[in-house]
There are 2 protein chains.
Amino acid sequence: MSAADAVLAVDVGGSSLKGAVFTTDGRTLAPATRPTGTGTAAVDAIAGFLRELADRAQAQGLHVAGAGVVTPGTVDERTGVVGYASNLGWRDVPLRDLLTAASGLPVATGHDVRAAGLAERLFGAARGVADFVLVPLGTGVAAAVRTSGHTVTGATGAAGEFGHVPVVPDGELCPCGQRGCLEVYASGGGVARRYAARTGTALRAEEVVARLGRDGAADAVWADAVAALSSGLVTLTMLLDPRLVVLGGGFTAAGDALLVPLRERLSRQLVWRAAPEVRVAQLGSGAGRVGAAVLALRRCGIAPPAALVPAPG
Amino acid sequence: MSAADAVLAVDVGGSSLKGAVFTTDGRTLAPATRPTGTGTAAVDAIAGFLRELADRAQAQGLHVAGAGVVTPGTVDERTGVVGYASNLGWRDVPLRDLLTAASGLPVATGHDVRAAGLAERLFGAARGVADFVLVPLGTGVAAAVRTSGHTVTGATGAAGEFGHVPVVPDGELCPCGQRGCLEVYASGGGVARRYAARTGTALRAEEVVARLGRDGAADAVWADAVAALSSGLVTLTMLLDPRLVVLGGGFTAAGDALLVPLRERLSRQLVWRAAPEVRVAQLGSGAGRVGAAVLALRRCGIAPPAALVPAPG
């Protein structure tokens, strides 16, 4: 191993931390996950994970230049403060300052979905596209919006809550407390919950998808999911006029069962304009971590590599 | 009159052109309207109106530095081409080049609603706000979106079609051909049409508003309008996280009959986050023209004045 530079990257999820070491020439080393915890324990867990990743990098003869940490919630990239992250039990946590003090490294913090959008733009499905939306469809749904080469963060860092766009007036109750939110219908959690409510049978969303065409309840729940997602994408298209929609998250494992009816419905609903292209993300669940690494590189004044070398294993 | 500089400004509407001369010290002279026409006749009408405004300016001893013309439709501000404007019968019209050739002046072209947003930001209700949305509610509905100090135009110049966001799945047919569009319910045209469909009586939207509290059909149509607009603003808030929503257009003449229930409903629908502030626009129907003047000044490398002197009369 050469004494190349490296950065540490951690993608903070509600239940697990995903971390890795990224070298400045685009290699990914030591990918690992750790439990997250909540409140200050979550901050301690991230700090401990960063120390562990730094040890792993140094053991390989790498100089650690800095770290990037991305989280859900309302994230102010300028101040490094997480305003609110419900899954983590955080409110007004000065994450960047806390992790800088704990690690002794330059630390960049950012928003998980926007970081995934950055990664797909540099290395994935949205390479070279100035106007696109990344929509991760998982347990919940969000969006990273890029318009004319600018990333939309909003006045309080809370932009991109695509999962809580109302698609059905006075519709079904969302765990968020609002009614008729997109992710009530068009998310892994929503499909599983709605299938169970209809049938009394608890299945994961991918099991519901596996029953399409031979289970009327699965067909109905899935049709509602496609309709809700199409309606949400019509809204996005009307407001933001993206060239490209990149779908990510576990929901895209449905493949053509999602893409074929979604593209058809979206084109049909958009009567007087062309639909944006709809593609599936390329970096999978590692996108947030890649984006965190890019934020760390930028924080250290290092240009990101031109391409990523896939992680081993 | 001093030999100050001036620019010409024209706001192109479906039925009329609104024009004026703006001096570099912020005065508005010679406000006037002319019929628009369609197709090439509309381009000729704009060119003729610019000549007329130039004569008016020169008669006052003003040097005309350039002109700004703003239009509806999909407008590419970089190329000066209007891709599509249904009311004008335009498709791929190189408006900036045509008007530059016809007038012999430096000409800037832009989008009418985005220009109104620019005007409200420099001189009106959104002064100094980096994240806001201007929503003109008139016969139809649109939006000018500003996020982190950048104006959203979209990949094809077609961003901001807030009136065609779907708010009711498979809802009433919109003249645009889509179903359940926001402006079917929450526009001057929509309110008048829906009141007439219920009662057989043709009233203008302001006449429907005048009957609120003593006409059940008026109350019902208005409640639907407020609900649709609130739903649309929830969507905008979730996606873009604006600090401020500025409502413009004739619909705002309803005053508290609009603002009070709208703010109440918006706050109630946004369960887990604060609602953006909702204000009424300050520049009224002149905002597009003011924005056109600012585009012209920029085109000529002249800084816009710090404040506007109200037009006489």
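Quick caveat, the model's predicted, so the values are computed rather than measured.
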Are side-chain heavy atoms of [X] and [Y] found at a separation under 4.5 Å?
| X | Y | value |
| --- | --- | --- |
| B:Val234 | A:Val165 | no |
| B:Val152 | A:Ser148 | no |
| B:Leu240 | A:Leu240 | yes |

*Can you say whether A:His164 sits under 4.5 Å from chain B via the side chain, the backbone, both, or neither, judging by heavy atoms?*
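Both backbone and side chain of A:His164 come within 4.5 Å of chain B.
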
*Which region of A:Thr156, side chain (C-beta onward) or backbone (N, CA, C, O), has a non-hydrogen atom less than 4.5 Å from a non-hydrogen atom of chain B, or is it both or neither?*
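Both backbone and side chain.
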
_Give the interface residues of residues 112-142 of chain B toward chain A, defined by a heavy-atom separation under 4.5 Å._
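Residues in range: B:Asp131.
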
*Summary of side chain to side chain donor-acceptor pair (under 3.5 Å) pairs that have at least one residue in residues 82-94 of chain A, sequence neighbours excluded*: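 Qualifying pairs: none.
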
*Determine the option with the most heavy-atom pairs under 4.5 angstrom with chain A, choosing from B:Pro242, B:Gly157, B:Gly177, B:Gly180.*
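When all of B:Pro242, B:Gly157, B:Gly177, B:Gly180 are compared, B:Gly177 has the most.
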
*Looking at B:Ala143, B:Gly160, B:Pro166, which makes the most heavy-atom pairs under 4.5 Å with chain A?*
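Answer, by heavy-atom pair count under 4.5 Å with chain A: B:Pro166.
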
*Identify the heavy atoms of A:Asp241 and B:Ala159 that sit nearest to each other, and give their distance.*
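Looking at all heavy atoms of both residues, the closest pair is CB-N, 3.5 Å.
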
*For chain B, which residues of residues 265-280 of chain A have heavy atoms nearer than 4.5 angstrom*: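 Listed by number, the contacting residues are A:Arg265, A:Gln269, A:Leu270, A:Val271, A:Trp272, A:Arg273.
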
*Residues two or more places apart in sequence or in another chain: which of them pass side-chain contact (heavy atoms from CB on, under 4.5 Å) with A:Pro169?*
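For A:Pro169 the side-chain contact (heavy atoms from CB on, under 4.5 Å) partners, ignoring immediate neighbours, are B:Val168, B:Pro169.
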
